[in-house]
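The next block holds one structure in the form of structure tokens; read it before the comments.
Proteins get letters first, then strands, A, B, ... in listed order; numbering begins at 1 in each.
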There are 2 protein chains.
Amino acid sequence: MNLKELAASLKLSQTTVSRALNGYPEVREETRRRVLAAAKAANYQPNSRARRLATGRAMAVGHVVTLSDQGQMINPVFSDFMAGAGEVYAREGYDLVLSIVPAGEEERAYRQLASNGSVDGVMVQSPRPDDPRIALLQEIGMPFVVHGRTTARDSHSWLDIANTTAFRRATDLLLDLGHRRIALLNGEEKLDFARRRRNGYVAALEARGIAPDPALIAGAEMTEAYGYARARALLDGRSPPTAFLASSVLVAFGVGRAVGERGLALGREVSLVTHDDVLSYLSNDRDGPHFTATRSPIRAAGARCAEMLIGLICNPGTGPVQELWPVDLTVGRTTGPCPDT
Amino acid sequence: MNLKELAASLKLSQTTVSRALNGYPEVREETRRRVLAAAKAANYQPNSRARRLATGRAMAVGHVVTLSDQGQMINPVFSDFMAGAGEVYAREGYDLVLSIVPAGEEERAYRQLASNGSVDGVMVQSPRPDDPRIALLQEIGMPFVVHGRTTARDSHSWLDIANTTAFRRATDLLLDLGHRRIALLNGEEKLDFARRRRNGYVAALEARGIAPDPALIAGAEMTEAYGYARARALLDGRSPPTAFLASSVLVAFGVGRAVGERGLALGREVSLVTHDDVLSYLSNDRDGPHFTATRSPIRAAGARCAEMLIGLICNPGTGPVQELWPVDLTVGRTTGPCPDT
DNA sequence: TGCGGTTCCCAAAGCGCTTTGAGTGACGAA
DNA sequence: TTCGTCACTCAAAGCGCTTTGGGAACCGCA
């Protein structure tokens, strides 16, 4: 059933039917009701391909997800981020088109999405401080929202959490408990968020006159295996840390495994604070929080980013929107006083 | 730059340019080269909206991902599955449109994708044995591939792994090591794969004359917290299991945590076999496999399912394609002889 | 009665591509 | 010369919708 047939069956023109369906005021209320009823009865859905062509809008937004160069890994936070965003897109009638590309091919992917007009805007995730995607998207005039910040942050819309403050506070918490040798198991430090977290960590140490020990700082893709391997190596070293700062719950699991294997317990011999993106399948809250953690739900961020992007698409004139979300620190069962003091 | 302008600049008709670009034989080789060069120079990309309308094909496939009713959880295997599929789609020039819907709204989502013509086919994941989506899609005539099986399996294309055999062999392995009280921490048993796994487990036990103990069997969403809580409860019970069978690495992590907390060690006091989907961020292979596991990479399954789906779309006449993949069992460091024997 | 203003509805022109059906010129064979 | 074949190329008709630019019918008012 298409518009033409529907119009014919109602003995109305396509114009009137289209207007009735799309809520234009030029059509009598009674006619509109008649049209709506007939559309429903015939299970009529306007053909989205035709509509997209006629309106010149794709009614779709793109998420370009990059596979890491090493492990072809797809960052586990993306799925929750998309869940949040997807809800908003669905509500607003937008499609989510997902491009999964190997590292290094993002540019091509964005260019293609733009030039063939299959999306009205794109989401940029995991930015580096000086991310080339920003300039690219500005050049081709494609609306976008960055989840995170870049050095060009004033020129575009973004949403980020207060990474520096969060890790500064987390470090302070451990310092207050008497810990002095605190290891940081960071994400990949080429990424903006990881740099900020390191900065917060370093600032907290230096504020107490403690020089950061490079041996205690690591950065890599945030997997359980990485947390395990690094924690194990550090604990077996000659001057092991008494506390860990992990940048994701997955890494924290790995640390926990290494600690447990040595017959130590988290919250007693070894303390651990992690950042928790509140991923749906990594719940930290069965009966009270297990990990002491800086928390900020990635899913809510996804929803808000999606709203911002749709706002940008619908009102192209408006300037960039920027939001910095605070992060709260909840104490769980993995932190305790430093046993050495 | 659109086709009309490109044609004008070349002093050719739109027809000829279109044909040259799309590889039709009616155009002289030299003309084709000229067109190709001009298109490249002008950075011309055909407008996908127009092309979709003209060809009547969406050049897109849909993945409908359901959020679980309880935790609004998005299954972590989806992201790796999509990574595999996405690669194939990109190669074949298809877009991936992702719908994220709350439990119970899948039907509406599929109907909508179909009736507004925004995709040429869909992927069905996490089927239940008697999944209503199958009949729905068959009724509306939308090509689809099921990742998993259903009771209507003969009537549609699917790809599945040998879940029953895998869990039977995993159970046998534990039985051979002398374990008699083996707990099964299954996925949600309304899902087809979980039923099969339970069947394999039960069959192995019964083959040795052991009656399955309902107290040792659980089914739920496969999270770390679930693995931890169940393992903890079981280990604290009056007749604790000496071995666990987990249906995902995440669950296995939880079991490991509970075991470690009690001062026990995996592979010594307690044995553990898990199914491993080889998720990119849950590597089990840092230096040799950690978990003894039945393994089958979900990502490869995603890629193959995508190929099957595109095949179905391009050759609508052909009958259903079905593939059952074997699962291999690799021994890691989490299994050992039953200490009681 | 005539006239401006509403209200409701319509025909037709796009949107940018693909595809059909037809035409042109060159060339060789009859 | 004429005709049939190739090898190329083109004009125009869609695809199914939205939107423009009118009209017809009716109203109240002078």
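Taking a heavy-atom distance under 4.0 Å as the criterion, the stretch of DNA chain C touched by chain B extends 5' to 3' from C:dG16 to C:dG21.
Here the C1' atom of nucleotide D:dC10 and the CG atom of B:Leu10 are 15 Å apart, to the nearest Å. Rounded to whole angstrom, the span from the CZ atom of B:Arg28 across to the C1' atom of D:dC10 amounts to 14 Å. Across the protein-nucleic acid pair, B:Leu3 atom CG and D:dA11 atom P stand 13 Å apart, rounded to whole Å.
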Side-chain donor-acceptor pairs of residues 303-312 of chain A under 3.5 Å, sequence neighbours excluded:
unit_1   : atom_1 : unit_2   : atom_2 : d
A:Arg304 : NE     : A:Glu323 : OE1    : 3.3
A:Arg304 : NE     : A:Glu323 : OE2    : 2.7
A:Arg304 : NH1    : A:Glu307 : OE1    : 3.0
A:Arg304 : NH2    : A:Glu323 : OE2    : 2.6
A:Glu307 : OE2    : A:Arg91  : NH2    : 3.3

Listed pairs under 3.5 Å, donor-acceptor, residues 31-40 of chain A side chains, sequence neighbours left out:
unit_1  : atom_1 : unit_2  : atom_2 : d
A:Arg32 : NH1    : A:Ala20 : O      : 2.9
A:Arg32 : NH2    : A:Tyr24 : O      : 2.6
A:Arg34 : NH2    : A:Leu10 : O      : 2.8

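Applying the salt bridge (Lys or Arg N to Asp or Glu O under 4.0 Å) test to residues at least two apart or on different chains, the pairs with a partner in residues 44-57 of chain A are A:Arg52-A:Asp95. The salt bridge (Lys or Arg N to Asp or Glu O under 4.0 Å) contacts involving residues 145-157 of chain B comprise B:Arg149-B:Asp160, where partners must be two or more places apart or lie in separate chains.
Between B:Glu29 and A:Lys4, the residue anchored closer to the 5' end of DNA chain D is B:Glu29, taking for each the nucleotide with the nearest heavy atom.
Of the residues in residues 30-49 of chain A, those with a non-hydrogen atom less than 4.0 angstrom from any atom of DNA chain D are A:Tyr44, A:Pro46, A:Asn47. Residues of residues 52-61 of chain A that place a heavy atom closer than 4.0 Å to DNA chain D, in numerical order, are A:Ala54, A:Thr55.
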request  = Evaluate the criterion ring pair (Phe, Tyr, Trp, His ring centres under 6.0 Å) for residue pair B:His63 and B:Tyr89; output intermediate values, then yes/no.
outcome  = CA-CA 12 Å; B:His63 282 213; B:Tyr89 297 144; 5.7 Å; yes
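Judged by distance alone, the side chains of A:Ser157 and A:Gln322 never bring a donor and an acceptor atom under 3.5 Å apart. Using a 3.5 Å distance cut-off with no hydrogens or angles, the side chains of B:Asp80 and B:Ser280 do pair a donor with an acceptor.
Computed from C1' positions of five pairs at each end, the angle between the two local axes of the helix from C:dT1-D:dA30 to C:dA30-D:dT1 equals 70°, rounded to 10 degrees.
Among residues two or more places apart in sequence or in another chain, the side-chain hydrogen bond (donor to acceptor under 3.5 Å, both in side chains) test is passed with B:Glu26 by none. Here A:Glu92 pairs with nothing under the salt bridge (Lys or Arg N to Asp or Glu O under 4.0 Å) rule; sequence neighbours left out. Residues meeting the salt bridge (Lys or Arg N to Asp or Glu O under 4.0 Å) test with B:Asp120, sequence neighbours left out: none. Considering only residues two or more places apart in sequence or on other chains, A:Glu5 meets the salt bridge (Lys or Arg N to Asp or Glu O under 4.0 Å) condition with none of them.
With hydrogens and angles ignored, a donor-acceptor pair under 3.5 angstrom links the side chain of A:Thr15 to the base of D:dT19.
When side chains are defined from C-beta on, B:Tyr110 counts as touching B:Val122, because their heavy atoms get closer than 4.5 Å.
A:Thr151 places a side-chain N or O within 3.5 Å of a backbone atom of A:Pro129 that can act as its donor or acceptor partner.
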